[in-house]
2 protein chains.
Amino acid sequence: MSDTPGNREPAAAAAPAHRPTLAKVAELAGVSVSTASLAFSGAGPITPETRARVLDAAKELGYTGPNPLGRQLRSGRSGVVGVVVGDQLRRAFRDPVAVQVLDGLVSTLGENGLGVLLIPGIPSDDPARAVDPLVESAAMDVAVLVWGVGSDDATLAALQRRGVPVVIGEGRAVEGTPLVAIRDRAGTADVVRHLVDLGHTRVAEVSLPLDNSDRSGPIDAQRLAQVDRTPTANRLAGVRDVVEPVASWETEASLVEHGRSATLALLGSTAADGTTEAADPATRPTAVIAHSDLLAAGALLAARELGLRVPDDVSVAGFDGLDLPWLAPDVLTSVHQPLARKGSELGLAVIRQLAGETPTTVELDVELVVGTTTGPAPTT
Amino acid sequence: MSDTPGNREPAAAAAPAHRPTLAKVAELAGVSVSTASLAFSGAGPITPETRARVLDAAKELGYTGPNPLGRQLRSGRSGVVGVVVGDQLRRAFRDPVAVQVLDGLVSTLGENGLGVLLIPGIPSDDPARAVDPLVESAAMDVAVLVWGVGSDDATLAALQRRGVPVVIGEGRAVEGTPLVAIRDRAGTADVVRHLVDLGHTRVAEVSLPLDNSDRSGPIDAQRLAQVDRTPTANRLAGVRDVVEPVASWETEASLVEHGRSATLALLGSTAADGTTEAADPATRPTAVIAHSDLLAAGALLAARELGLRVPDDVSVAGFDGLDLPWLAPDVLTSVHQPLARKGSELGLAVIRQLAGETPTTVELDVELVVGTTTGPAPTT
DNA sequence: CCGTCGGATCGAATCGATTCGAGGAGGTGC
DNA sequence: GCACCTCCTCGAATCGATTCGATCCGACGG
């Protein structure tokens, strides 16, 4: 076998495990490579005996099935779907919303034999890292941009340049790519209408990030015009479809602590000694609408801290429909969105894309679920 | 070019985008394929003009670089690291501990041009799903079992059968595979010693799951013998190195709500009307040691619910060192472990494994950080 | 003026499997 | 008994790139 002088074994000292190939198995079984391939793939006719002989030979050699790399090259498919997450995983995954969507996506793709490759997105504000090796050259059949695309998305551009088909979740529609979205705007309007129906007129808003600038603070008209994330834009619009909020506060991420600090700013006033206490009940907002449940949870904690009773002194509502048992005994009033379903739909869109079907837009329904955190506006 | 009659174009109607190959580029540039390859890879000598000519030709054809599949087959490397997560992502990623480790892992691997493929593990209690397509046949250079391996791990077995090198985090050491662990046992002993030093003698324990049976309830000696997860075993042992807990409660997952219910059971007693109130201060545990911060957070909430002051009536300590700002104003006493570092070390172990180095075991240090939730045992 | 040396380019083998058309053996029908 | 048909197996091309050794060229030294 090693009759060739000058073998191509450069320095592989402790690597005796040159895995056997299909050819070796075929040789041992006394059949051709093509027949051996048939034995494994099951495509095409083959006698049970021949098949058994091949399988026996495989077992004897310790061959555990066709090398995926060879198969992939031949078929032109890698079986891998790239999922673009934020540049920091820890950030993207701290939000249960993201995790649940991803869970649905991974399950659906897994059922179809597709794997998920985590791709750190290219931060649009960092041109130095404009070439991410994974985005630029990882093998993937489709890429999923789960959390939308900005107006000037470097990752999207790179993928399109490479010719990788793209599926987008929750965001701006892009020519020729499937989109899976939810009815943010209508859902947000629903919950705000619920508040208005309860008599609330001074509604404060805790907003999702408007872009990826990590800013936080009050949103004025000028800032409002700069919004560059579709979900945020939709929810801002949904609120304003019903009422003009008396105050609106931008947060840097959908996390409990940011909801808390935003709400302290909206409902509290800083005393001379630096401590924060509840603001004047006559002017203070009577309801807080948060763009997410995590922010709403923070709002709830802030209200408790300020000594405000929920919902007697202030009503709090969120968006997402997360299960937050540690808020007990309170149950958030929230707009429930089908998170796992959103992931599944993304997965199905990927599969349709691979099948060559023409891209479609899917829009999922949401549902207002009233909990214990909203009630009639205080009469004072 | 298409002088061959009977082209191999079966039914690719709307797919004109047969991506150009290196051969086509070489042809247009008037050079050989090998030279064109050199122009892209940069390996080997090449005149700047030739290189430019190739690159121009590539641009003209819309060729965006070598097809990863071809390169992978040739090199025998896929550049992909499989990371085995629980069968349900949503479950694995609800724990910030997991997410932070994964974040460190993804960063480190990303810096080395390696991608992370999410692999749902094979549930050991479900023989029907004993063949996961991804575990069985996805292309990966190394697999990482981040959360340890059980005594009879189907996923590990499948990977070993395939000959995929494995790296293990936090668990039982396996012959010939690198391991990255932390000093659970010593760290746990440290925090328990801290409690004992404060005068606590009646210490209750809220334990991580002992196996993947989803059981919850008190742990007796018999159950204690069945533990099949190394981190849990280590922490149980660490506690017992210092004190014998007056009560120990198994949870089904490291989540706030389970910590809460366990603690209600440990510190409360159910009244005749079905409500739970604090048990007799004379016999009630004065300290709760939880195996994780999420469980400890639940314990804290439960204590508050029972009307117990922390740390005056009861001390609470955890493990992990998570940042839990929504527990404010409390700050958990906890054993901090370097989570991102653990991920990085796993990544480095992967890289060493790929470089053919011999597997080593890395054990990371932990540090007790005293917060506001532990204090002297009540004198009554 | 010729031999030699070094750098750039090319040819061909190789990675490991899939697939299609051809060929061969065995069985059936007339 | 012959022709035909079916079913299985085989050979060879192919997927797209990398890489090694060979070749070819110009330049330089003797």
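Since we're looking at a predicted model, the values are computed, not measured. Numbers restart at 1 for each chain; the letters A, B, ... are given by sequence-line order, proteins then strands. Heavy atoms only: backbone and side chains are in, while hydrogens, waters and symmetry mates are out.
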Visitor: Which residue, V101(B), V180(B), V85(B), forms the side chain to side chain contact (heavy atoms under 4.5 Å, CB included) with V146(B)?
Guide: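 Going through V101(B), V180(B), V85(B) one by one, the side chain to side chain contact (heavy atoms under 4.5 Å, CB included) with V146(B) is satisfied by V101(B) alone.
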
Visitor: For T21(B), what residues pass the side chain to side chain donor-acceptor pair (under 3.5 Å) criterion, not counting sequence neighbours?
Guide: none

Visitor: Rounded to the nearest Å, what distance is computed from the CZ atom of residue R74(B) to the C1' atom of nucleotide dG16(C)?
Guide: 12 Å

Visitor: Which pairs pass ring-ring contact (aromatic ring centres under 6.0 Å, His included) with one or both residues in residues 140-176 of chain B, sequence neighbours excluded?
Guide: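 For residues 140-176 of chain B, and leaving out neighbouring residues, there are no ring-ring contact (aromatic ring centres under 6.0 Å, His included) pairs at all.
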
Visitor: Assign T21(A) to base, sugar-phosphate, or nothing according to its heavy-atom contacts below 4.0 angstrom with the strands shown.
Guide: sugar-phosphate

Visitor: Roughly how bent is the helix from dC1(C)-dG30(D) to dC30(C)-dG1(D) end to end, in steps of 10 degrees, with each end axis from five pairs?
Guide: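 The angle, to the nearest 10 degrees, is 50°.
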
Visitor: Output side-chain donor-acceptor pairs under 3.5 Å for residues 46-54 of chain B, partner residues at least two apart or in another chain, one line each.
Guide:
residue, atom, partner, partner atom, Å
T47(B), OG1, T50(B), OG1, 3.3
R51(B), NH1, A39(B), O, 2.5
R53(B), NH1, A29(B), O, 2.7

Visitor: May I ask you to evaluate whether S37(B) reaches the phosphate of dT18(D), defined as a side-chain N or O under 4.0 Å from OP1 or OP2?
Guide: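 Answer is yes, contact under 4.0 Å.
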
Visitor: In whole angstrom, give the distance that lies between atom CD of Q72(B) and atom P of dC15(C).
Guide: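 That distance rounds to 17 Å.
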
Visitor: Within the 4.5 Å heavy-atom criterion, are S78(B) and L69(A) side-chain neighbours or not?
Guide: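 Result yes, sub-4.5 Å side-chain heavy-atom pair found.
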
Visitor: Output side-chain donor-acceptor pairs under 3.5 Å for residues 107-118 of chain A, partner residues at least two apart or in another chain, one line each.
Guide:
residue, atom, partner, partner atom, Å
S107(A), OG, D103(A), O, 2.8
T108(A), OG1, G104(A), O, 3.0
T108(A), OG1, S344(A), OG, 3.4

Visitor: Would you mind reading off the distance between K24(B) atom NZ and dG16(D) atom P, rounded to a whole angstrom?
Guide: 8 Å

Visitor: What pairs meet the ring-ring contact (aromatic ring centres under 6.0 Å, His included) rule with one or both residues in residues 29-57 of chain A, with sequence neighbours excluded?
Guide: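 Listed by first then second residue: F40(A)-Y63(A).
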
Visitor: Round to a whole Å and report the spacing from CG of L22(A) to P of dT14(D).
Guide: 20 Å

Visitor: State which residues pass side chain to side chain contact (heavy atoms under 4.5 Å, CB included) with S32(B); sequence neighbours excluded, sorted by chain then number.
Guide: S34(B), T35(B)

Visitor: Which parts of residues 55-71 of chain B get close to DNA chain D, meaning a heavy atom less than 4.0 angstrom away?
Guide: Y63(B), P66(B), N67(B), G70(B), R71(B)

Visitor: Nearest whole Å is fine: how far is dG16(C) P from R77(B) CZ?
Guide: 14 Å

Visitor: List the residues meeting side chain to side chain contact (heavy atoms under 4.5 Å, CB included) with E60(B), not counting sequence neighbours, and say none if there are none.
Guide: L28(B)

Visitor: In terms of the nearest nucleotide of DNA chain D, which residue is placed more toward the 5' end: V33(B) or L73(A)?
Guide: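 Its nearest nucleotide lies further toward 5', so the answer is L73(A).
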
Visitor: Which residues pass the side chain to side chain donor-acceptor pair (under 3.5 Å) test with T155(B), not counting sequence neighbours?
Guide: none

Visitor: Enumerate all atom pairs, one protein N or O and one N or O from nucleotides 5-9 of chain D, separated by less than 3.5 Å.
Guide:
residue, atom, partner, partner atom, Å
dC8(D), O3', T47(A), OG1, 2.7
dT9(D), OP1, T47(A), OG1, 2.6
dT9(D), OP1, T50(A), OG1, 2.1
dT9(D), OP2, T47(A), N, 3.1
dT9(D), OP2, T47(A), OG1, 3.2

Visitor: Show every donor-acceptor pair shorter than 3.5 Å between a side-chain atom in residues 162-179 of chain A and any protein atom, with sequence neighbours excluded, or say none if there are none.
Guide:
residue, atom, partner, partner atom, Å
R162(A), NE, E136(A), O, 3.1
R162(A), NH1, V135(A), O, 2.8
R162(A), NH1, E136(A), O, 3.3
R162(A), NH1, A138(A), O, 3.1
R162(A), NH2, A138(A), O, 2.7
E170(A), OE2, K342(A), NZ, 2.7
R172(A), NH2, G150(A), O, 2.9
T177(A), OG1, V174(A), O, 3.0

